[in-house]
Student: 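The structure is given below, and queries will be raised subsequently.
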Amino acid sequence: MELFAIIPERLFSLLASPLKEDYAAILFRIYDQYQMTSFGMEREVILDIIQDYLETRGAQPNFLESLEEELAGGDGDSSLRSKAGTLLRKLEQTGWVKIEIWANYKQYINLPDYASKILDTLDKIRQNKQVEYQSYIYAAYTAVTSDEALRQPHLALERAFEVTQELVNHLKALNHNIKRYMERMLAQDRAADILRQHFHEYKLEVLDKAYHRLKTADNVSRYRPKIISKINEWLNDPLWVEEVVRQEVRMERQPNEEEARVETYRKLETIIQVYSGMDELLEEIDRRNSQYASASLRQVEYLLSSGKNTEGQLLEILKFLAACQREREFDSQNMEDVNNVFNLFSQGFLDINSLAVPRSPAREHAGGELQEPEEDPEVKEERLKSYLERMAKRITKEKVNAWILERMGNRQEIMAKELSIASIEDYIYLIYTAIFANSKKVQYKIDQWSKEQVFSHGFAYRDFRIKRKGLKVL
C-alpha cells in the first residue's frame, strides 16, 4: 500500500509550522496521558492538558501573538480554553487524534495506530533513549533454543529474524551517531565547547550508555556462537524447513509453499550472515570511536596553540584563511594582505646554513654472484622425511569423513557412543567430527545432541547422532 493511503496527507503539516515545537510538546503530553489509559481520554481532560501548556508558555515573549496568527480564523474567543479547543480541532483535522462519541454522549479522544507509533519513535529520539543491545541478542538466543521453538518453529524463526534485524539496525545507528558527534565537534571554534561536548554529551550519551556496555555487559558475542550453530542446524534439516513451510501456509502468512520455502531459507541465511559478519560492524564502531577521540584532541590542540614560533604562526595563518573562507572574503588578489599581516617572506637562495639537505649522486650497486649453500644430502633427506610425516599426521576433512563413513558402514545414522572410542587418536577424530559437521566437504551431519554422558576407555563426552547427508546406501 502507498504511505498516504494509511496516514493523512496533512499529518506532518503541524510539525512544519512556525509553532512546530509547541505542537510537538502538546502531542507528547497527550501521548504520555494516552499511555496510562485503556479505552481513550475524555475531551475535557485533553483540553485541560492543552490549556495548562498554553498557560505555561503564555509568560514567554511573543508566544501569544504567534498563537493568534496560527489560529487566525478561529471562533474569535480570546480565552485560553477556546484556543485549546481550536488546537484540538487542528489535531483532529490533520489526523493526529480521533474523536469518538460514546453511548453516554461523552466525547473521547484516541490516538490512531500510526500516530501512536510515530510519537513513540519521536519520543525515543527526543529523550535519546539508549538501546539494550544484549536484550536483542538474548531474545534471538531464547527464540531459537526454547522448547516452544520445537512446537512452533515458524514463530521462533520469525522472532529471531526480527530481533536480529533490529540489533544490526541499532548498531548501524550507533555508528552513525558517533559520526554525527564528530561533525558537530569539527564545527566548533572554541576549545571549551569541544571539551563540553566530549565530556558532558559524547561521554555520557555514547561512551557510558552505549559503547561501554556494548563492549562489556551487552557484548553481542556472548550468545552469538550458539545462535549460529542452531541456525545452521535448522538450515541443514529439510524436515524442519518443510514444517516451517507448512505452518506458514496454514497461517496464511505466505501464499504458497514455494514462496514460503524461499522466504524461510532467506531468513535463515540472513541471520547467519548478520551474526557472522557482525565483527566488521563492531570494528567500524571501534574505529569511529577512536577517530573521534583523536580528532577531538587534535582540534583542542589546534585551537589552544599559539606563539611566535613556526608552528604558532602557521596555525594563525590557517585560522585567518579559514575565517576568510567562511566569510567569502578570500581570493587570490588579497594574498599580499596575508603576507603583511604575518610577515611572510620567501627564501631565494641556498647556502651552507640552509635546512635543505643537498642531494648526493646515486651509486651503482655491484651485486655478487649468488651461490647455492652446500647441504649434506642425508640432512636434506631427513628434513624432507620429517615434513612428509607431519603432513601425513594432519587431520583433514577428507580423513575425518572417511573415518566416519568407515565406521558407519551401510548404516544411515549412528550414535557417537557406537564409534568405539578406545584411543587418543579416536578421541581427536571424534572432536574433529563435531567441528567439521557443518562443512559442505563432508558427507555426514550431526542431527541431534544428547544429554547422555558417555564414558569409554577413560574418555568422556556427550553423545550425539551422526547421519548421512542425503546419501542412499546401495
Side-chain angles (χ1 to χ4, degrees), residues 1-60 63-64 66-132 135 139 155 158-159 162-163 166 251-253:
M1 297 180 63
E2 297 292 336
L3 175 62
F4 288 98
I6 302 174
I7 67 175
E9 294 184 2
R10 298 177 56 199
L11 183 71
F12 298 106
S13 62
L14 298 184
L15 301 182
S17 70
L19 295 182
K20 54 182 177 293
E21 294 289 349
D22 300 292
Y23 281 119
I26 291 173
L27 284 171
F28 283 134
R29 290 193 177 195
I30 296 175
Y31 176 72
D32 291 339
Q33 182 66 28
Y34 184 74
Q35 295 293 94
M36 297 183 290
T37 61
S38 301
F39 305 105
M41 302 165 287
E42 292 188 17
R43 184 175 185 274
E44 296 302 317
V45 173
I46 300 301
L47 290 176
D48 290 339
I49 292 174
I50 299 176
Q51 181 177 349
D52 179 70
Y53 176 80
L54 296 180
E55 291 174 352
T56 304
R57 284 278 284 145
Q60 300 184 10
F63 171 72
L64 293 179
S66 301
L67 183 62
E68 289 288 349
E69 295 178 3
E70 177 72 13
L71 302 182
D75 54 14
D77 192 344
S78 60
S79 66
L80 290 181
R81 191 69 172 184
S82 175
K83 289 181 172 58
T86 304
L87 287 174
L88 179 57
R89 285 194 295 274
K90 290 180 73 70
L91 294 178
E92 181 189 15
Q93 292 168 1
T94 52
W96 282 104
V97 301
K98 295 291 184 182
I99 299 180
E100 300 177 4
I101 300 178
W102 287 17
N104 56 5
Y105 300 104
K106 287 187 178 182
Q107 292 184 352
Y108 284 83
I109 309 298
N110 281 293
L111 292 178
D113 58 341
Y114 57 82
S116 179
K117 293 176 182 178
I118 292 174
L119 288 174
D120 180 67
T121 300
L122 294 178
D123 187 53
K124 290 178 180 178
I125 296 175
R126 176 176 67 106
Q127 298 186 26
N128 196 23
K129 290 185 177 180
Q130 298 302 319
V131 178
E132 296 288 345
S135 64
L155 296 181
E158 181 67 23
R159 178 58 178 165
E162 289 178 352
V163 296
E166 291 179 6
M251 298 292 293
E252 298 183 354
R253 292 160 58 93

Student: Tell me every residue that passes side-chain contact (heavy atoms from CB on, under 4.5 Å) with R81, counting only those two or more places apart in sequence or in another chain.
Tutor: E44, L47, D48, Q51, S79
Student: Pair L27, L14 - check side-chain contact (heavy atoms from CB on, under 4.5 Å), show working.
Tutor: CA-CA 10 Å; L27 284 171; L14 298 184; 5.6 Å; no
Student: Taking atom CG of L67 and atom CD of E69, what is their separation to the nearest 0.5 Å?
Tutor: 10.0 Å
Student: Just how far is it from atom CE of M41 to atom CD1 of I99, taken to the nearest 0.5 Å?
Tutor: 10.5 Å
Student: May I have the step-by-step check of side-chain contact (heavy atoms from CB on, under 4.5 Å) for L111 and V97, ending in yes or no?
Tutor: CA-CA 5 Å; L111 292 178; V97 301; 3.8 Å; yes
Student: Using modelled atom types only, decide if a donor and an acceptor are shared between the side chain of T37 and the backbone of Y34 within a distance under 3.5 Å.
Tutor: yes
Student: Less than 4.5 Å apart, side chain to side chain, heavy atoms only: is that true for D123 and R126?
Tutor: yes
Student: Provide the closest heavy-atom pair for T94 versus L91 in the form atom of the first, atom of the second, distance.
Tutor: OG1-O, 3.3 Å
Student: Could you tell me which residues satisfy side chain to side chain donor-acceptor pair (under 3.5 Å) with D52, sequence neighbours excluded, listed by chain and number?
Tutor: R29
Student: So which atom in A84 and which in L54 form the shortest heavy-atom distance, rounded to 0.1 Å?
Tutor: N-CD1, 4.0 Å
Student: Is any side-chain heavy atom of I30 less than 4.5 Å from a side-chain heavy atom of Y53?
Tutor: no
Student: How many angstroms lie between CD in E70 and OG1 in T86, if you round to the nearest 0.5 Å?
Tutor: 11.0 Å
Student: Could you give the distance from NZ (K98) to CG (N110), rounded to the nearest 0.5 Å?
Tutor: 11.0 Å
Student: As an exercise, state the distance from CG of L80 to CD1 of I50, rounded to the nearest 0.5 Å.
Tutor: 11.5 Å
Student: Please list all pairs passing the side-chain hydrogen bond (donor to acceptor under 3.5 Å, both in side chains) test where one or both residues lie in residues 9-19, with sequence neighbours left out.
Tutor: none
Student: First locate atom CG of D22, then atom CZ of F63, and finally report the distance between them rounded to the nearest 0.5 Å.
Tutor: 4.5 Å
Student: Is the backbone N or O of G95 less than 3.5 Å from a side-chain atom of Y114, with the two atoms forming a donor-acceptor pair by type?
Tutor: yes
Student: Heavy-atom distance under 4.5 Å between the side chains of R43 and L88, does that happen here?
Tutor: yes
